[in-house]
Asks: 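The structure under discussion is supplied below as structure tokens; questions concerning it will follow.
All chains are named by letter (A, B, ...) in the order of the sequence lines, taking the proteins before the strands, and each is independently numbered beginning at 1. Heavy-atom basis, side chains included; hydrogens, waters and symmetry copies ignored.
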Amino acid sequence: MDVSYIIDPLNDEQRQAVCAPASNVLVLAGAGSGKTRVLVHRIAWLMQADNISAYSILAVTFTNKAAAEMRGRIERLLGMPSKGLWVGTFHGIAHRLLRAHWKEAELPQSFQIMDSEDQHRAIKRVIREMGLDDKRWVPREVQWWINARKDEGLRSHNIEHRNDNYLQHMVEIYREYEAMCQRNGALDFAELLLRAYDLWVKRPDILQHYQARFQNILVDEFQDTNTIQYAWIKLLAGQTANVFVVGDDDQSIYGWRGAQVENIYRFSKDYQNTSQFRLEQNYRSTGNILGAANALIANNTDRMGKELWTEGSEGELIEIYSAFNEMEEARYIVDKIIAWNEQGGLRSENAILYRSNAQSRVLEEALMQTGTPYRIYGGLRFFERQEIKDALAYLRLIANRADDASFERIVNLPTRGIGNKTVDLVRSYARANDVSMWQACIDLIANGDVTARAASALQFFIDLINTMQQGIENMELYEQIEHVIHHSGLITHYEKEKGEKGRNRIENLEELVNAGRSFEQDDWEESEMDMMSAFLAHASLEAGEGQASEGEDSVQLMTLHSAKGLEFKQVFMAGMEEGLFPHSRSADESGRLEEERRLCYVGMTRAMEKLVMTHAEKRRLYGEETYARPSRFLSEIPEEFVQHVRMQGTATPLTAQSQYSSNPVAEAAPVQLGQRVYHEKFGEGVVLNYEGEGRHARVQVNFDDIGSKWLMMEYANLIV
DNA sequence: GCGGAGACCCTTTTT
DNA sequence: GGGTCTCCGC
């Protein structure tokens with residue numbers, strides 16, 4: 001068989017990795033070095049050259065996007081559908097296993113997946129029911145703690161707490177939460193992995209089946225695996241499978257959610273006969289961008305050591321722009337994008353990256369003002385929207401009456417006279433008698449234990465759900481959704497919400513019907529599940545990037561985290577300020593700081609042609625004005641790669657001076673342009689510019705050591 | 001039981 | 001700044 005189409009497009013290093021003899025392989029792949037390409041070609045190689053069946057191959061990724069892309073590229077390369085091949089996220093594959101073996105995993109067949117918000121609500125409820133103070137036991141923190149334990153493979157009974165009061169409480173909450181999930185047939189994200197792992201540990205016969213099948217396991221982004229994922233792979237691999245992992249320790253940015261970079265180092269020890277390959281040739285970025293990124297990341301200790309290089313040109317210098325405040329920063333970025341666009345470039349070739357989602361608002365406003373189309377990734381995703389979750393809760397309750405979380409969400413939405421008191425009553429009856437809240441309603445009505453008014457309201461709700469279930473029998477999936485959003489009263493309810501918000505919600509609900517329709521066409525695979533259950537699981541596992549206006553050429557906005565794996569011709573990194581990036585919460589531990597630096601490295605290496613990093617001296621964030629120094633990461637980039645750009649107008653300070661000199665306030669300024677001043681922290685410098693009056697007066701000083709800065713006269717204490 | 005007004009809290013990244 | 005929660009009047 002001719003396999004040249006598989007190996008010809010590869011460079012030497014890539015080819016060695018792709019064609020490595022069947023054994024364990026660790027590929028250390030730098031940013032832009034063709035990581036996905038190696039995985040895709042390796043799979044094709046296994047099938048075509050080694051004649052391995054697609055059925056014996058399992059490829060695991062972290063995001064749905066990556067999984068979809070890998071599958072698509074494999075199919076394009078082979079020119080046929082990848083039948084039998086398992087490609088998916090850790091969570092998706094765990095879910096698939098649990099659906100197939102729900103009984104052995106001790107789950108109800110109708111088990112549901114909770115997203116983070118569902119989990120948060122559930123934990124909150126547990127804390128309240130235990131009579132604990134949620135000021136002291138903050139649901140968010142507890143949630144975080146429980147997830148971290150699950151990621152380590154620990155259940156409540158595995159955790160020692162001896163005389164530690166705090167731990168003891170945490171473990172108790174954890175235990176109660178576990179019990180509640182089990183009662184309701186609800187699984188959180190971490191539980192999917194843990195259950196799938198436990199399933200194999202408890203049932204060696206099932207494990208053996210999969211071990212025999214998946215003799216070839218491939219893992220993408222290996223540096224992001226956590227303890228349980230590592231253990232899961234290891235269990236599956238057993239003694240005989242060949243494991244091929246690709247990763248980059250410099251791009252490990254998920255330590256905060258349990259990812260263990262150490263897993264890369266461990267790999268060669270845990271898997272015998274591992275051959276190791278390094279991909280350092282970069283096909284993405286210019287020499288200057290790579291030089292800067294290499295220099296930055298060299299500040300981290302604990303690296304496996306890699307240096308990216310390119311055959312391409314040096315390209316343009318990296319631009320560092322010092323803005324005055326966040327609005328000016330945004331305007332600068334948008335202007336550059338518009339210029340790019342006017343010179344014939346696409347808007348979609350531009351990405352604006354930021355550390356935290358809170359930064360996106362100002363950027364959005366600037367884009368909107370200029371009528372520049374944009375698209376935001378992350379933030380609130382489709383299936384996470386309130387109205388969508390309401391609709392899904394109806395569908396879930398129809399599918400599974402024991403789903404208490406869904407019950408609570410919609411029992412009085414739209415309001416139908418079932419208030420907190422009644423719900424409390426239902427909840428405590430359910431707890432006391434160990435039945436679902438649904439069943440509790442039925443019992444309470446039958447026993448006459450509720451007021452006549454509450455009883456009739458509850459009965460109305462029960463009838464509503466039952467009637468809808470009958471109503472949607474024999475309907476197509478999308479018709480079922482349509483039926484439910486109308487008959488539940490959700491549409492009417494949201495129609496009452498005024499303004500654009502309400503209209504959007506209606507549109508989203510209608511979009512949900514469309515989502516059902518396209519799910520039927522594209523995503524539905526025959527399996528143990530009925531289509532509705534599959535759709536509901538899909539809604540939890542894939543938050544749904546799909547937004548409207550996808551077709552339009554638009555600027556891409558996203559956090560640095562979600563930019564990993566992507567590339568853009570021109571990249572803007574906004575908010576390069578101490579406290580924001582590196583984030584203040586990362587300052588205390590050095591490990592966290594290194595992770596921030598890796599995040600910066602990830603951001604920089606997204607750029608193909610041009611990288612612009614901006615910082616603002618003054619920023620309104622979380623409703624408060626803050627002043628921040630430029631990020632230390634900026635000063636870690638050697639000057640040879642950098643071009644500093646100052647605020648517009650300041651490049652010609654003297655003309656600016658003539659404009660201002662007619663201004664009486666400027667004339668009254670305590671400093672003069674061109675004057676030499678001394679600042680306690682920044683040393684000596686020359687006054688370049690001055691503006692504002694009184695308390696708000698600001699002065700720009702070009703310091704001998706650190707360059708130009710805007711300072712508030714009020715605080716600067718300049719010595720003339 | 002319902003809805004509005006104001007206090008209160010947080011505030012990184014996501015499958 | 002804004003989302004959530006609580007309280008209060010209807």
Asks: Could you point out which residue of A:Arg629, A:Lys618, A:Arg619 forms a salt bridge (charged side-chain N to carboxylate O under 4.0 Å, His left out) with A:Glu577?
Replies: A:Arg619

Asks: Check every strand shown and say whether A:Thr422 touches a base, only sugar-phosphate, or nothing at a heavy-atom separation below 4.0 Å.
Replies: sugar-phosphate

Asks: Using atom C1' of each nucleotide, how far apart are C:dT4 and B:dT13 to the nearest Å?
Replies: 22 Å

Asks: Compare side-chain N and O positions of A:Ser562 against OP1 and OP2 of B:dT13 and report whether any pair is under 4.0 Å apart.
Replies: no

Asks: How many Å lie between CD on A:Gln386 and P on C:dG2, as a whole number?
Replies: 17 Å

Asks: How are the rings of A:Tyr174 and A:Trp145 set relative to one another: parallel (under 30°), tilted (30 to 60°) or perpendicular (over 60°)?
Replies: perpendicular

Asks: Classify the side-chain pair A:Asn508/A:Glu387 by whether it contains a donor and acceptor separated by less than 3.5 Å.
Replies: yes

Asks: Looking only at side-chain atoms of A:Trp256, point me to the closest of B:dC2, B:dT15, B:dT14.
Replies: B:dT14

Asks: Return the value, rounded to whole Å, for the distance between atom CD of A:Glu384 and atom P of B:dT13.
Replies: 12 Å

Asks: For the pair made of CG in A:Leu98 and P in B:dT15, what is the distance, rounded to whole Å?
Replies: 19 Å

Asks: Are the ring centres of A:Trp232 and A:Tyr230 closer than 6.0 Å?
Replies: no

Asks: So does A:Asn412 get a side-chain nitrogen or oxygen closer than 4.0 Å to the phosphate oxygens (OP1/OP2) of B:dC2?
Replies: yes

Asks: Which listed nucleotide (B:dT15, B:dT13, C:dC5) is nearest to the side chain of A:Lys124?
Replies: C:dC5

Asks: Within the 3.5 Å criterion, strictly below it, is a donor on A:Gln112 or A:Asp118 matched to an acceptor on the partner's side chain?
Replies: no

Asks: At 4.0 Å (heavy atoms only), tell me whether A:Phe189 reaches a base, stays on the sugar-phosphate, or touches nothing.
Replies: base

Asks: Do the side-chain N or O atoms of A:Asn64 get closer than 4.0 angstrom to the phosphate oxygens (OP1, OP2) of B:dT15?
Replies: no

Asks: If you measure from the ring centre of A:Tyr254 to the centre of the six-membered ring in the base of B:dT13, is it under 5.5 Å, with the planes under 30° apart?
Replies: no

Asks: Write down the distance between CZ (A:Arg121) and P (C:dT4), rounded to a whole number of angstrom.
Replies: 9 Å

Asks: Which of the following nucleotides, B:dT15, B:dG3, B:dT13, is nearest to the side chain of A:Thr415?
Replies: B:dG3

Asks: Rounded to whole angstrom units, what separation is found between the CG atom of A:Asp115 and the C1' atom of B:dT14?
Replies: 11 Å

Asks: Kindly say if A:Thr559 contacts the phosphate of B:dT14, meaning a side-chain N or O under 4.0 Å from OP1 or OP2.
Replies: yes

Asks: Does A:Arg361 reach a base, just sugar-phosphate, or nothing at all? Heavy atoms under 4.0 Å.
Replies: sugar-phosphate

Asks: What integer distance in Å separates A:Asn357:CG from C:dG2:C1'?
Replies: 14 Å

Asks: Once you round it to whole Å, what is the distance between P of B:dT15 and CG of A:Asp224?
Replies: 12 Å

Asks: For A:Arg257 and for A:Lys421, locate the closest nucleotide of DNA chain B by heavy-atom distance; then report the residue assigned to the nucleotide nearer the 5' terminus.
Replies: A:Lys421

Asks: Between A:Leu193 and A:Val138, which is nearer to the 5' end of DNA chain B once each is assigned its nearest nucleotide?
Replies: A:Val138

Asks: Can you tell me the distance, in whole Å, between the CZ atom of A:Arg385 and the C1' atom of C:dG3?
Replies: 16 Å

Asks: Under a plain distance cut-off of 3.5 Å, with no hydrogens placed, do A:Tyr429 and A:Asp449 share a side-chain donor-acceptor pair?
Replies: no

